[in-house]
Structures are given as structure tokens and as C-alpha cells.
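If you're wondering where the values come from, they're calculated on a predicted model, not measured in any experiment. Proteins get letters first, then strands, A, B, ... in listed order; numbering begins at 1 in each.
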Amino acid sequence: MADSGSEEIAVIGNTDLTPSESENNLKNTMVEKGTSLLKKMEISVAEAEKRTGKNAVNMQETYTVYLIETRPVDAASEGTNPVPDSLWRRYSEFELLRNYLLVAYPFVVVPPLPEKRAEFVWHKLTADNMDPDFVERRRVGLENFLLRVASHPVLSTDKIFYSFLTEENGWKETVFETGFQAKADSRLKALNATFRVKNPDKRFAEMKHYGDELQSVISQLLRVRARAADRLYGVYKVHGNYGRVFSEWSAIEKEMGDGLQSAGHHMDAYAASVDDILEEEEHYADQLKEYLFYADAVRAVCRKHELTQFELEMAAQDLISKKQQREELATGTVRTFSLKGMTSKLFGQETPEQREAKLKMLETQIEEGEELVKERKTECNEYVKSAWVDIERFKEQKDHDLREALISYAIMQISMCKKGIQVWNNAKECFSKM
Amino acid sequence: RGGGQLTDVCCLSEIKTPARSSEISSSSSSGAMSAGTPRSLASSGQKNIQDIRHPLCAAEESASSRSADALIHPGSGAATGGGEKDLSLPNGTPVDTSSPASSSSLLNRLQLDDDLDGETRDLFVTVDDPKKHVSTMETYITYRVCTKTTRTEFDLPEYSVRRRYQDFDWLRNKLEESQPTHLIPPLPEKFVMKGVVDRFSEEFVDTRRKALDKFLKRVADHPVLSFNDHFNAFLSAKDLNKRQGLALLTKMGESVKYVTGGYKLRGRPIEFAAMGDYLDMFTQKLGTIDRIAQRIIKEQTEFLMELREYGPVYSSWSSFEEELHDPLEGVSGCVSNCSSALDELTEDMSEEFLPVLREYVLYIESMKNVLKKRDQVQAEYETKLEAVVFREDKKTPVPTDVEKCQDRVECFNADLKADWDRWQNNKRQDFRQLLTGMADKNIQYYEKCLAAWESLIPSLQDKQEARGETN
């Protein structure tokens, strides 16, 4: 396992895999943000393993588990290298954690998980969840998720999160005990419901729109990129055929033979080089995907604002109508149409006692209503405040991360071009010796 | 200016070959600079490459008092600038430099110079300046054929004539007839499927022009063919009259009719059989290479289509970003540059690589035919010899008829072997050039892309120092 200085990567990580520059930068930033959690603990998802077992309906299934390792920061800087604490978790447990966080902190743009199923694949990659490349990329994505949560000023303090990292057994039960499940269902319902808000906070409306646009554009980008990757693969691989034919041709030539043969080898090398190129590009695609899913999280936060605003407006509306009713009852005038009013008109007035009772009821309702409005107003304001803080935090993070992603993408392209120049120069040399 | 010029002239990829075929003009003037497209380029004549002005500067030449440069004067046939010693052949003959040549033939000329190993060349031929001719009967293209020579077989040191494909075809047939023991270089395909290929498109005409140029150069390089009277007539006659050619033929004395038929050859001698085998296998390999190249072009074209969609997505993304606006636009621009570079590469492969490859297949066919002819001659000899031997009981000398056959066989074999060696050598150079060119084109493509991405990095890293008042 890798050692690291206190200022550097606070991640043990699988050192066989070389993280790209931007991944490093990402982790550096997270540590610099310096949540108290990360200050005392190093977190990583070190390995992945296949398991078989019986599922809920008692059927055999194969699934993958991931090893979460944690290590106290002090130990590493002291030079000693104790064995890290570790436990195994499945993807579904990560999902459970995230769902919990979504409910517990609705004002936070909760970091997304890596995709459940491989999407935006180009033909060579299988969409198979058991595919080792997919599993590996998922491992990296899960680690990324944990680090993002651990570096969030609010989320990192959560106890459930902490026990996710440290307590293998009984964690699931602990989560369910919070009773978040019930809230989760209503949250989902609310998010999907259609309702019209009269006065949403403009910034949230804009942010929601931004989320929509971001999602749309990144989807498109990923789709086209996948198609382009497919084509690029074809271009490179066909050059491999030159290798074969040059070899055959060199067999019937005298002086030209050597040059042709060696040029053919370079063509083979060229054809083979595309595999690494496209693997690196998958990493870029993963970075984009993270923000594709982030867009969803942003929208959820904005939606929640709409919901709270809507509930406030509903309560306020209800209060107004109750007040109006009271006025009408008190003055005897009917301003608004109501079935009750009509029926009483048709079938005779109420007795003064009945009216008195009604008035009293209304008064209590109005009192309660005013309390409710006050509550909801506070709720709304607080939500707006804390959600906007997190949205600002998110925006800064997004700008930074995507810029880094673009830089590393450009570096990738540069490396690809340099390799191409080298191979063709080699081939050219061989040709010139023909 | 010299150094810069040298690079410029040798940079084939940047110089367009002259004349749009769509410009209908039957005048011989090539000075239609006003057309606005890069047309015929300044000729160097026999000049030192250092003294060659940048081809695209030719238009500014008119009143220039600068000497020692070739100039074009539309309508005037004389070289300007008196007293330039440079404007003459190595042997001192003054050269009329009013006939421009394309830069590509210039380059070809240079390369052929390299190949000659000290041989002094005394015959230079180029094909350029395609023009469309419209008459009531038909529409066709003519090409200018320029010749410069010191050979005494020619009356003048320089010629400039216009020929059409038909004329080239005539020449080739005449050469085959009159020099049956020699390998005649191939011509580009005669028939083109109308409706499938546009015979008057710039690409088609240019591809054909290059092949015709190569054809004449190969003939001009050949120690025997280049002295052929028909060739001479082709290069020099103002009005190539086919009857003139016929007259020439009869003038040549004993007509050499090697065309025999119906003789069965027992077996090809090993060395010629080996040639035949080689040609068969070589044809096969070329076919495979052709298919691979086509496949690559197809894949690249489809990749290009995706890139053309990919780049603009970054642009539309940038439209709703603030801090990321410039980086995203930058990436979009980069992808666009790479797309253009790829387009150029694909075009080059289509227009320069494939045609040369295909022409070689024709060359191989010609060679095979010569081998067959040789077989025929040998077969005739063997049959006649057998007939004589069969009848042999008296000691009669071998009839002259059979002797002549034997001579023919030996002559043919010798010519063929010499031509074969020459052909092999040329093939080696041609393919070296072709494949090196292919490598070069790919290198240029990657270099363009590299430059684009490298120039993007600093702007990507440069964060906006001052955030605006917004947010």
C-alpha cells in the first residue's frame, strides 16, 4: 500500500492503477478542504471480489463486493504502517447509504454513485456488470464517492456514514432504524409530482434549468464520444492488416523485403496502440458521467426548494381562505362561492349557536394556520439559505473538476498524437530503406 | 529569398496543381491569373532550384525589374529580363521560359534527377494545364505537353503542344506495335462509367493528368522507347495527325511484325516463369493493399463524421457556462481543427495514394502481356525448329526463317530482361516514394492535431483572474 505525506494524497488506493493527473488533483483538493473526518482518517476502496450467495428469494446469485479500507492519518505520518481496518460492502449497500443521505440532507447536492449498469458503451466494452474492466472502473467510482462524501462539510459529520466505513455488521439495521425509509418514499413521490409554484426563488429556478441543460449536453457528448471511439477503433485496427500484407509481400521481394517487413511490424504496433488510448478515454467519460449524475442531484435540491415553497404557498393560501371564511361568517356576507353557503341559502340558515361553533373552529384553525405558515416560512428560508450555500460549493467544485478533466483530456490527445507521430516516423524510416 | 523558396517549392502538399477544369477556355493562354485560383505556376525552365521564385508570386511579376526569375506573360512568348545567364540549359542553349510547369512535375523532375546516378538527362517532359474544350460534336479535355531537350533527333530544343487522351492512347498503341519486345508503360483507364464518375471534375482530371505525366516520363526515361519516332511526333507535331504517324511507320522500313499466334509454348524458361509468378503474386498483394487503403479511408470518413458532431456539442455546452465557457469553446475549436486535418489526410489518400496503386496494376498487366508475347515468339521458333529437325535427314543448313526466329527470341529475351530490371528498379523507387508519402501524410495529420491540442493547454490552465460582478 502506498505511503503518503500529510499534504498529499490521503488515499491508499490500488497503486497498480495509475490515477490520472486530474484524479490526483481531485483528491488533493478534497484533502485541502480538510474536513475533520479526512484529517483523521484515510479512506479507500482497495479491492473487488466476486461472491456467490443466496439472495432474498433464496436463489443463487453472483455479486461483487468491494473492500473499504480505513486507516488513521497519524499512523501513516509516523512512519509505521499498521494494517488498515477494512470491511466488505456491495453496491446495493452504497445505494442504501446514498438514499439515506438524500433524505437526511435534502439541501445538499449529494455526490452520485458510479452507474449501476454500463451505459454509453462503444462496441468493444461489454455492458456486462461482471466484466473486470467495468468492475475496476466501478471500484474507482465508489472510492471517489466515499471521498466526496468524506470531504463534504456537512455529510462528513454523519454518523451513519461513519459506521458505513467502520462497522461491518448491523449497519443496515442501523440505517433502517432511522426511519428514513418512510421519508424516502414520500420524498420520491413529491419529487415526481407536478405542482406549480407561484414564487420560486429565481436562483433555484435557474439552477434547475442549468441542471436540465447540463444533463442533456453531457448525455449527448457521451453518446457521440462512444460512437467516435468505435470508429477510431476501426481505423487503427484496419492498419494491422497492412502488417500482414507487408509481411507477405516482403517474402516475394529481394531488396525491398526488409524495409517492408519492419514497416509491417510498426503497423501492427500502431493497430495495437488503440486499446490503451480508448481505455484512457473511458476515464474521461467516467468523469463526465459523474457530473451527468450530479446534474440530477442538483435538480433534486432545486425541486425540494420548490416543494417547500409550494407547501408554504399552500399553507398561506389555506390561511387566507380560512380568514375569508371567518370574515364572511362574521359579517354574514358571502363573498366566495361555497357549496355550504349555497346549501344553507337553499335549505335555510344555521342557528346562531351553529355559527358560533363554526367561528370558534375557524379561529383555532386560523391560529394553527398562522403557526404553520410561520413554520413553513422559516423552513423555506432556512432551506434556501443552506441549499444555496451547497449549490455555490457545488458550482465551484464543478468548475474546478471539469476544467481539470478537460486538461487531462487534452493531455491524452497530445499523448495519442505523439505516439502516432512516432509510429509513422518509424514506418517511414523503414519505407525509406526499401 | 532562396532558402524560403526552396522549402516552398518542395512543399507539394501546399501547392495546388493548376487549372480548374471547369474553366472553359480554348485559348492557350495560361495566364488567367485573374480567375483568382492558383493556376499554372512559374516555370523554372532549366533553372537552378535556388533561382526559382515562389510559384504563387508569378502574378506580381509583370513590371518587376527583378531578374533571374522565370516569368509568365500572357500572350507574350518571350522571356523578359534581358541578359540573364541563368535562363539557359547547362549546355548553353537559351531557353524560352514562357512555358510554365507545375510544381509537382518540378519535383518529379528533381527526383528523377536523383535517380539517374550521374546520367545526364537530355529529355524532359511534363503534362499539365488541363483545359476543357467544348465543340458541337463533343466535349473533351486537353493537356499541355511540354518538352525540353538537347537531342538532335528533335528540331527544336523546346516544344509545347496540346494533346488529348486519345492521342496518348494512339501513342501507346504505336509504341506497342513498333517496340513489341519492350514493356510499354500503362495509361490510366480509358473508359470511365458515365454517371458514376464525373469526367470533368477537378479530381478526376488531375488524377488522370498525373498518370499521363508519369506515362510520358517513363517513356522519356526509356533508352529505346524515348527515341521512337512516334514519340517524337507526339511531342513535337503541332497537329498530331494520325496519318502522319502511319507515314512514319512505313518510312521505318521493314515492319517488325512480331505478332504471331497459334503457337503452343511447351514451357516458359525458368527465369521468365519466375517473372510471371512474381507478377501474379505482386498483383494479389497490390489488390489487398488497395482494399485495406479503401477500408481505412472509409473508417476515417465515418470517424470524421462523428467528430463533426462531437466538436459542436462542446460549443453548445459552453453557451450556458460561465467559467467553463472559454475552455469548452477551446476544446470545440480543437476538435474542429483535428477534423479538418483528418479530412485532408483522407483526401490525400484517395487522390494520391490509391490512383498510383491502381496504375501499378495496369503496369503489371502490360508486363504480363509482354511476357506472353515473348512466349509466342519462342513458341513460333520452337515449332518451326521442330518442323525442320523433324524433316532433317539431309544436312541442309538451318533455314534463314528459323534463324530469324531464333534471333527474335534472343532479342526479345534480352530486351525483356533489361526492361524487367529497369521495371523492378522503378517499382522499388515508386513504392518507396508512395509509402514514404503515405507515412508523411499521416505524420502531418498528427502534427497538426498535436499543435492544436498543445496550443489549447495554456488557455485551459489559465483561470479567469477576475471573476465578474455576477455571482
State, with a plain yes or no, whether a side-chain heavy atom of I289(B) is found less than 4.5 Å away from one of W249(A).
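Result yes, sub-4.5 Å side-chain heavy-atom pair found.
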With a 4.5 Å limit on heavy-atom distance, are the side chains of L260(A) and F431(B) in contact?
no
Reported [atom1]-to-[atom2] distance for the pair [X] and [Y], which is rounded to 0.5 angstrom:
X	Y	atom1	atom2	answer
L232(A)	E302(B)	CG	CD	13.0 Å
I443(B)	C417(A)	CD1	SG	13.0 Å
L328(B)	L402(A)	CG	CG	7.5 Å
K254(A)	Q424(B)	NZ	CD	6.0 Å
Y314(B)	L406(A)	OH	CG	6.5 Å
W453(B)	M416(A)	CH2	CE	9.0 Å

Heavy-atom count around H325(B) NE2 within 6.0 Å, excluding the residue itself: above 12?
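Buried by this count: over 12 neighbours within 6.0 Å.
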Looking at N381(A), I'd like to know if its CG atom is crowded, meaning that more than 12 non-hydrogen atoms belonging to other residues, nucleotides or ligands lie closer than 6.0 Å.
yes
With a 4.0 Å cut-off, would you call E253(A) and R428(B) a salt bridge?
no
Sidechain N-carboxylate O distance under 4.0 Å for R403(A), E321(B)
no
Anything in residues 291-301 of chain B with a heavy-atom distance to chain A below 4.5 Å? Please list those residues in order.
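I292(B), A293(B), R295(B), I296(B), E299(B), Q300(B), listed by number.
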Y383(A): ring pair (Phe, Tyr, Trp, His ring centres under 6.0 Å) partners, not counting sequence neighbours:
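Applying ring pair (Phe, Tyr, Trp, His ring centres under 6.0 Å) to Y383(A) gives none.
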Can you sort out the partners of Y236(A) under ring pair (Phe, Tyr, Trp, His ring centres under 6.0 Å), two or more places apart, ordered by chain and number?
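Partners of Y236(A) by the ring pair (Phe, Tyr, Trp, His ring centres under 6.0 Å) criterion, ordered by chain and then number, come out as Y270(A).
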Output yes when a side-chain donor or acceptor of R231(A) lies under 3.5 Å from a complementary backbone atom of E306(B), and no otherwise.
no
Quick one, Y445(B) with W424(A), criterion ring pair (Phe, Tyr, Trp, His ring centres under 6.0 Å). Give me CA distance, side-chain angles, the key distance, then yes/no.
CA-CA 11 Å; Y445(B) 160 69; W424(A) 281 104; over 10 Å; no
L214(A) portion near chain B, given a 4.5 angstrom heavy-atom threshold
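For L214(A), backbone and side chain are both near chain B.
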Check the pair K428(A), M438(B) against side-chain contact (heavy atoms from CB on, under 4.5 Å), reporting the backbone distance first and the verdict last.
CA-CA 8 Å; K428(A) 181 178 169 183; M438(B) 171 175 92; over 6 Å; no
Please rank A427(A), S432(A), S216(A) by heavy-atom pairs under 4.5 Å with chain B and give me the top one.
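Highest number of pairs under 4.5 Å: S432(A).
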Between R203(A), R223(A), M256(A), K418(A), which has the largest tally of heavy atom pairs under 4.5 Å with chain B?
M256(A)
side-chain contact (heavy atoms from CB on, under 4.5 Å) assessment of I414(A) paired with I457(B)
CA-CA 10 Å; I414(A) 287 170; I457(B) 296 270; 3.8 Å; yes
Please report the shortest heavy-atom distance between [X] and [Y], naming the atom on each side.
X	Y	answer
L435(B)	F431(A)	O-CD1, 3.4 Å
F320(B)	V217(A)	CZ-CG1, 3.8 Å
I407(A)	Q461(B)	CD1-CG, 3.6 Å

Salt bridge (charged side-chain N to carboxylate O under 4.0 Å, His left out), that's the test. Do K395(A) and E322(B) meet it? Break it down for me.
CA-CA 10 Å; K395(A) 285 208 281 195; E322(B) 283 169 32; 6.0 Å; no
Name the residue from K285(B), M281(B), Q284(B) that meets the side-chain contact (heavy atoms from CB on, under 4.5 Å) definition with E248(A).
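Single side-chain contact (heavy atoms from CB on, under 4.5 Å) partner of E248(A) among K285(B), M281(B), Q284(B): K285(B).
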Using a 4.5 Å heavy-atom cutoff, which residues in residues 237-247 of chain A come close to chain B?
V238(A), H239(A), N241(A), Y242(A), V245(A), F246(A)
